[in-house]
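Quick notes on the structure that follows.
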Amino acid sequence: MKMNIIAIRCRRHNRGENPKSFRLLQIALDQGQKRAMRYLTEKDGNIVKGAWSYTSRPFAPGLYCFHCLNEGIREMIPVDLEDLRDLGLSDLPLVFQSAESFQAVTLVNSMINRYQDAIRNIQEFPARSASFDDNRIINGLNPELQHVLQKKVLPKGGKLYSFQAKAIEVALNGHDIIITTPTASGKSLAYILPVLEATLCSSDATALYISPLVALTEDQFEALTIFDESGTDWIRKGERFSIHRVCRTLVIGSRRVTIARYDGSVLPGDREEIRRRRPQYVLTTPDMLHMAMLRGAFDDRHWRYLLAGLRYIVIDEMHIYRGILGASFANLIRRLQRLCRLHGTNPQFLCASATMVDPIGTVERFIGRRPVGVDGSEDGVPQHKRMVVIWSSSVDDGQVYATSTHAKNVLLHLISERVRHIAFARSIGEINDIYRFTSAELREQGIDTPLIKPFMRELRPDEKRAIIRDLKDGRLHSVISTTALSMGIDIGSLSAAVIIGFPGSIAQFWQQAGRAGRAGEGVIILIADRNPLDQFFVQHPEVLFDLNAEPVYCNPDNPYIVRSHLLTAAREFPLSDEDFHLFGKAALDQIQTLTAEGLMTSDGMGRYELTESAKNLADTPFRSLTFAVPVKDQEKRLIVEVDAARAQRALHRHAHYQHIDRYYRVISCDLDWSRGRGEVVVQELEHPEYTTAAHVEIDISIIDCQIQRDDEHYVVGYGIVKCHTRVDGYYEVPLFSRNEPFKYRPLGRAAPPPLEYQTQAFWLLLSPKVLDAISPDEREAAMYSLAGALRLATSIEELCDLSDVEGVGMLHFQDVLRPMVMVYDTVPGGVGITEAAFRRLDRILLRAVQILEECPYCSKHPESRGCPYCVTARYGDEKTINRLAALEIIRNFQSSS
Ligand SMILES: [Zn+2]
Ligand SMILES: [Zn+2]
């Protein structure tokens, strides 16, 4: 007969009337005969196993009742080994290292012993101790705020880090600030305190918090509730009335302040109630501000009070706002500033960000004023010792393992070393593969504990909560996750973070890395993929470590974005002449176009309003351009909106399209650029085998050269260009094995219509002399390869996706008939990538030389004319590329300058 839980219930405590809770202690010996223990509890008639830990209690292996032990009765529950197996309790103890005692170097050495060939680089970051403020700033705050801060918020000893104190002082002196810190280092206190100081001291004062993620507004809301002294059990209140989940009145001493979340997750009825309660501190997302809040700026029942009293605008996670999102966000801030001016307020900006390049200059582009910078990593935030390991198989290994196989080996090694860890994978497919492979091998080793779990968006909320809780409690030792767990949420202390493939940005890399080494030392393992950017980091890890951050490129003057925000702004309040300078250099042109198109009318006195036909236009969603194509599933549910240029490349009739962590096949595709509309219907692929890469033919012309520098052998320029693009075929790019050549497929009549748009670009017009040494029939291939290398160099230096920029090279450009190479932003209007690159063109050129010289594949295969790792070749078509000739050109004109 199979055993069940009844057999191991304690006779004294778990049977009969008024049984006590089922709680047993299991003692067992591990492989090294060390004694370990774990707790067993019960849920719905099943045994719940706690985590193993070593124990010094001199008990014989077996089961003991916890209540009996408490009463001094040490009596084993009578079950034999066979019965334990039936109960699922015969697994050997796996005791994981505690975060506090974990030693990074021991783990790294054990990896080197076992996987020497795969480890390409090891970098150590020493520990840094904290520095604290002397309480001068705290003493200057409102006494009631001071009191609660020291009693409830700060750890014992009650001091602020010096960077927090510095930021608060600068804010209280009336300046805009940008605080940059590593993840989870207490930056929120630096802006919460000025906000509370203002709102507690005046009931008219208001503040606004903007974060790119709903999960973060939730986190902030809870962080503020810690200040509450009312003693209210908000969680219980929130279970009965949903309003308490999103709106609370905090009591601090004799004062009160009402705070509210107003984001997409708030129910419509609660939204109305929040507006009625007039919270002084409102936490929201840019999407909500864009769609709903600013429109109510002049309505007494909506947000007039908020703008009329606005003292602070807090912008969190500033580094997220790059590309299209950044351009749109900059224009949203312009609209917000205009409405504040109309209400007679001029709020300060308190911005916070992960470490980034030139934080002051970047924030200035967003808010139009120069903020004071406060750097938390230099000033106060403590850090344990961390080691980063870069792991990769070589590019030309005879045997190619999928990245997920490498990931599995790393996870198994971490488990065998008993190191608690998190792994970040890039897609659901990858997570499932790694989870399957790893747990299958664990089972073969006889380890059958639920110590490893996958975590992804698709899980039910209660499943997600359970995983986060188990991680925090130490019951779960290994989790494989999407990026969802890299921000904000507290998941306790882990010792290692495994990052599978470079996550696309350095800020994101450090955010994921920051999950390891909070309570003790940490090890971060980057498993490099086989794409050019990852392989570049394998060759040049110093780029990853030295930068520590990246430029946040952004083009607030993207004409397409400015146009859509001007339309929205005019809907909020008629525009006037004095508004135009606020919307940048593209504004005047756009106003004229909008007037000519009959969407705006002028009263001749400098006031512009929307016409009736413009009022009927649908609103533009915040995160895309006007010129966006909806991608829907077969039930016609919207999956994503894609800008036209990307749609042309990635969503043609035969495309396989990747969105975040899923793959889709295009079912129908209707694109009509001239009417500015289109729709694509897709179906999810359960077992995707390849993605598609479009083959694009490009005609390009310079329409506005904004900066030009002349040299004897070349002219470099930056400006606005017009692109005419045709997609006539595509390559099938296998997802798993990359050994076979990519298959080319012509699109024929299924080709999407050609597209024309303006964008930003930099270019080099060369003197024909630089080509003299190259044989005439190789010159075109040389120019083409040079463009490929410049494109890859731009993507590496600016840390953007390769698909965000495109390179073109030709022998006879336009009427000047000179050889030309150009790199342009592929997003219509441009997002500032090539603009930023132009400012550092010397570095881009050096990087291009390095890419061509040191290509990890070509330098070992002298017969290669170029490959995707150096000249980002037209796949498969060898004659059109020539790496060495490109290198010769670039050396020629470099030596001359
Ligand atoms: Zn008992
Ligand atoms: Zn190469």
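Just so you know, these numbers use all the heavy atoms, side chains as well, and skip hydrogens, waters and symmetry mates. Read the numbers this way: they start at 1 and go in the same order the structure lists the ligands and their atoms.
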Review point. At the Zn ion (ligand 1), what's the angle from His13 ND1 to Cys10 SG, rounded to 10 degrees?
Key: 110°
Point to revise | Exercise: identify the closest heavy-atom pair between Cys723 and Ile700 | key: SG-CD1, 3.6 Å
**Study point:** Check: Tyr744 ring centre within less than 6.0 Å of Tyr731 ring centre
**Key:** yes
Review point. Take atom CD in Glu888; do more than 12 heavy atoms of anything else shown fall under 6.0 Å from it?
Key: yes
Review point. Mind checking whether Tyr663 and Tyr657 have ring centres under 6.0 Å apart?
Key: no
Review point. With the Zn ion (ligand 2) at the apex, how many degrees lie between SG of Cys870 and SG of Cys858, rounded to 10 degrees?
Key: 110°
Review point. Has His67 got an N/O/S atom less than 2.8 Å from the Zn ion (ligand 1)?
Key: no
